[in-house]
Protein chains: 2
Amino acid sequence: MSSLLALEDTFLAGLNNVERRKYVQKIKIVKHLYVKGAKTNADICGRFQISAPTSTAMLNELIAEGLVEKQGRGKSIGGRKPELYGLKDKSLFVLSIHMEKYKARLAIFDNNNSPVTGMQTFPIEVTQDLQAVDQVHEQAMRLIEVSGIDPQKLIGVGINMPGLVASKEGNNHTYLRVPGGAESLQQLLEHKFGKPVYIQNDVKSATLAEYRFGLAHGRRDVLVLSMDWGVGLGMILDGKLRSGASGFAGEFGHIPLVEDGRLCHCGKRGCLETVASGSALVRNAQEGIRAGENTLLQALSEPEIEQLEVEQVIRAAHDGDQFAINILAEVGLNLGKGIAILIQLFNPELIILGGEIAQAKPFVLPAIQQAITIYCMKQLRENTRIVVSELGRDAMILGSVATVMENVFETPLDLT
Amino acid sequence: MSSLLALEDTFLAGLNNVERRKYVQKIKIVKHLYVKGAKTNADICGRFQISAPTSTAMLNELIAEGLVEKQGRGKSIGGRKPELYGLKDKSLFVLSIHMEKYKARLAIFDNNNSPVTGMQTFPIEVTQDLQAVDQVHEQAMRLIEVSGIDPQKLIGVGINMPGLVASKEGNNHTYLRVPGGAESLQQLLEHKFGKPVYIQNDVKSATLAEYRFGLAHGRRDVLVLSMDWGVGLGMILDGKLRSGASGFAGEFGHIPLVEDGRLCHCGKRGCLETVASGSALVRNAQEGIRAGENTLLQALSEPEIEQLEVEQVIRAAHDGDQFAINILAEVGLNLGKGIAILIQLFNPELIILGGEIAQAKPFVLPAIQQAITIYCMKQLRENTRIVVSELGRDAMILGSVATVMENVFETPLDLT
DNA sequence: AAGCACTTTTCTAAAATTTTAACAAAAGAT
DNA sequence: ATCTTTTGTTAAAATTTTAGAAAAGTGCTT
């Protein structure tokens with residue numbers, strides 16, 4: 001077996017204890033190098049509690065397999081300079097797909113998270129049925145072909161999608177429903193692609209990206225909020241992305257926040273999303289415009305009002321529009337009340353705000369902070385920082401790369 | 001070194017890789033036997049991916065150290081009957097202490113979680129200062145002496161306490177504050193006892209007990225709610241007790257639930273505790289009695305009303321008192337709204353209700369279920385069962401035993 | 001600036017440990 | 001009663017570690 005990542009169920013079963021342990025150890029080393037970058041032999045010895053000769057032997061095997069290479073020498077700390085071992089560029093590839101309701105983006109990345117193709121964007125419509133899946137698959141196969149990469153080196157496909165995604169089960173419970181009794185959406189995709197496929201909820205995926213490449217890096221308890229049309233939540237708790245029993249954890253947008261509130265599209269009343277989301281912001285703006293509020297947005301025609309976008313309201317605020325600033329602050333206050341609940345329950349060290357709302361930082365952040373001061377206990381509030389994502393839009397597409405890496409390098413043994 | 005659990009910082013440092021790995025492996029085996037009960041050699045080989053001779057050798061060492069014994073033979077699955085290896089009764093002891101605001105309970109348990117002393121209860125007052133600590137220590141030392149156990153075999157002390165407990169840091173941020181700059185409360189106690197001491201918040205401790213010995217056993221995502229005077233929350237997520245960045249996660253009682261609500265003792269307004277707790281129940285009862293509601297509780301004199309206990313209201317409900325039933329249902333509805341938030345955020349498979357409220361199950365559970373139906377998304381609601389604790393009051397004292405075992409057997413390496 | 005003492009890395013071979021293989025004993029299945 | 005399966009030992013084989021030595025640095029002293 002020349003490749004480390006055989007990933008076939010039959011492969012592991014055919015190994016004895018020694019071979020399996022070595023395989024697991026090598027995967028752990030590769031994941032370590034992926035997550036932490038190039039490292040010295042000594043570092044690997046220390047981290048995995050193995051001796052230098054064994055560690056060297058395994059690294060040499062990984063070099064022979066073409067996954068690892070020596071990348072110069074590290075800094076001396078008072079002795080001979082150590083050899084640095086790192087993942088070889090372009091030795092593995094991941095196909096990353098991000099599906100939104102009305103468009104999809106895809107790109108291929110290598111094992112050092114560098115894009116090897118440009119980003120492709122095309123329109124789709126994510127509905128209950130599987131039509132969008134076929135479109136995406138077709139485009140993806142074309143991208144793989146055009147990219148010129150060795151298909152053998154493509155180790156997996158990561159797909160973000162909206163809705164209630166049960167990653168482990170491999171199904172989306174909101175959209176893209178597979179016919180009952182048959183294989184899961186994940187299995188269906190794996191057959192189509194002939195590769196391991198991992199599906200994940202969009203916000204959870206972005207959360208993983210923040211953890212690996214963004215402001216959450218190196219932290220152990222972080223919440224990531226994504227506010228666009230709706231509001232989503234992803235959570236890193238004790239250094240891992242947590243998804244709850246069925247994979248649906250983080251349905252923050254639909255917690256009850258307002259007593260006898262407005263009807264939410266989910267069918268319930270007074271959900272957080274009815275007062276703290278892009279759709280709530282736009283609704284408030286539309287109502288204000290129609291009620292004759294003094295605002296720059298009055299310049300819009302009735303059909304333009306109907307088609308109003310979150311971005312336009314934020315732009316108006318940046319242009320000094322007091323009405324837009326007010327409704328953004330109101331959304332911030334409501335969101336802040338929700339965030340206060342999160343802080344009380346999760347005690348995170350950091351909360352990262354992402355999505356469209358990031359553009360409105362100067363208008364919503366003070367309101368959020370104010371709400372937190374009102375609704376949070378001092379000891380909890382003081383230990384939580386709130387920041388705006390630095391990854392921005394990239395979080396999503398990088399997230400599905402991270403999702404693949406996370407799962408591909410997952411060791412088959414988990415003892416608790 | 002004859003004992004497995006040396007637990008001195010200097011001990012591990014003095015080991016080389018091989019010795020350390022073996023030590024870790026043996027601890028893992030002991031923890032496995034503790035958590036799962038007696039097991040066969042083959043089971044241990046499979047679980048830890050080691051060969052039969054190595055496994056046998058380690059078990060023999062553990063037998064020699066007096067921790068493990070052969071406990072008869074297991075069932076055959078088509079061949080020779082396997083030898084069962086289990087933890088020897090009374091080979092290790094844990095001192096378990098449960099501190100409430102006005103009383104403390106303590107008892108000594110052995111490594112099979114059997115009490116080896118009766119439960120001792122005595123009055124204390126947990127305040128900002130350390131007075132209660134001295135009282136508890138004194139009583140504890142007396143209990144150890146009276147019990148007649150070999151002090152060498154006492155491996156640790158577990159202490160539950162109310163308040164914001166930062167277990168890792170070793171301090172309580174609400175009560176029992178140590179003078180600034182000095183050692184932590186945990187270190188102070190370790191010096192007093194001359195043993196490893198683990199402090200934990202009472203509800204988190206009970207949660208661990210539910211996980212090890214109660215209805216949460218074998219499940220991976222469980223929330224435990226404890227409702228007495230206040231409301232507390234403990235969470236098992238992905239098979240581990242999670243406490244957030246500073247250890248304060250689970251402050252469920254003080255999430256904002258009511259807009260412009262009543263003033264809470266924490267200083268904020270509209271906290272869940274103001275409408276869904278023992279204190280809210282008693283307050284509602286008192287107000288109703290004084291307003292002349294038609295209830296059995298009218299029989300109480302004014303000083304008795306002032307001293308009203310949760311238990312009395314629940315008893316009245318059991319006696320068919322409609323007023324008591326109504327206010328319990330109201331509390332249930334509010335609690336249910338809070339639980340709906342928890343389900344949306346955590347997606348637990350199980351929620352265990354504990355504390356005094358367990359006694360009022362027939363009156364609050366329907367109301368809770370009703371609130372969940374209103375405020376939860378179908379997909380989340382359907383995957384969550386809500387039950388009442390079967391451990392009851394024992395959860396607390398067993399919890400601090402589990403806390404000690406959890407930490408004592410924790411391997412020093414944790415690679416993520 | 002050169003030299004010396006001390007570290008750290010890297011490599012190799014002997015020593016120690018762990019595993020596999022082989023086999024006897026024990027139990028169930030036919 | 002015989003055959004198959006599983007367990008529990010023991011001895012040979014394989015693997016991993018330790019120890020020792022050389023190589024390659026750093027940093028202090030003169």
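Quantities reported herein were computed from a predicted structural model and do not represent experimental measurements. All values below were derived from every heavy atom in this structure, side-chain atoms included, with hydrogens, water molecules and symmetry-related copies excluded. Residue numbers begin at 1 in each chain, while the letters A, B, ... track the order of the sequences.
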Would you say the side-chain atoms of B:Q200 and B:S205 include a donor-acceptor pair closer than 3.5 Å?
no

Interatomic distance where [atom1] belongs to [X] and [atom2] belongs to [N] [whole Å]:
X: A:L59; N: C:dT9; atom1: CG; atom2: P; value: 14 Å
X: B:I77; N: C:dG28; atom1: CD1; atom2: P; value: 12 Å
X: B:D43; N: D:dG8; atom1: CG; atom2: P; value: 12 Å
X: A:I44; N: C:dT10; atom1: CD1; atom2: C1'; value: 15 Å
X: A:Y85; N: C:dT9; atom1: OH; atom2: P; value: 12 Å
X: B:N41; N: D:dT9; atom1: CG; atom2: P; value: 9 Å

Are B:N171 and B:S184 close enough, and set up right, to give a side-chain hydrogen bond (donor to acceptor under 3.5 Å, both in side chains), and what steps lead you there?
CA-CA 6 Å; B:N171 275 317; B:S184 68; 4.9 Å; no

Could you tell me which non-hydrogen atom of B:M405 sits nearest to which non-hydrogen atom of B:I155, and how far apart they are?
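For B:M405 versus B:I155, the nearest heavy atoms are SD-CD1, 4.2 Å.
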
Among D:dT9, C:dT9, D:dG8, the one nearest any side-chain atom of B:E83 is D:dG8

Evaluate the side-chain hydrogen bond (donor to acceptor under 3.5 Å, both in side chains) criterion for residues B:Q152 and B:D150: first the C-alpha distance (whole Å), next the side-chain angles of each, then the deciding distance (0.1 Å), finally the verdict.
CA-CA 5 Å; B:Q152 286 278 313; B:D150 176 0; 5.8 Å; no

With sequence neighbours excluded, tell me which residues meet ring pair (Phe, Tyr, Trp, His ring centres under 6.0 Å) with A:F193.
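Scan of A:F193 (ring pair (Phe, Tyr, Trp, His ring centres under 6.0 Å), adjacent residues dropped) gives A:H137.
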
Nucleic acid footprint by protein, nucleotides 20-25 of chain D - heavy-atom cut-off 4.0 Å, B for base, S for sugar-phosphate alone:
---BBB

With B:A42 via side-chain contact (heavy atoms from CB on, under 4.5 Å) - residues at least two apart
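Once residues adjacent in sequence are excluded, the partners of B:A42 under the side-chain contact (heavy atoms from CB on, under 4.5 Å) criterion are B:T40.
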
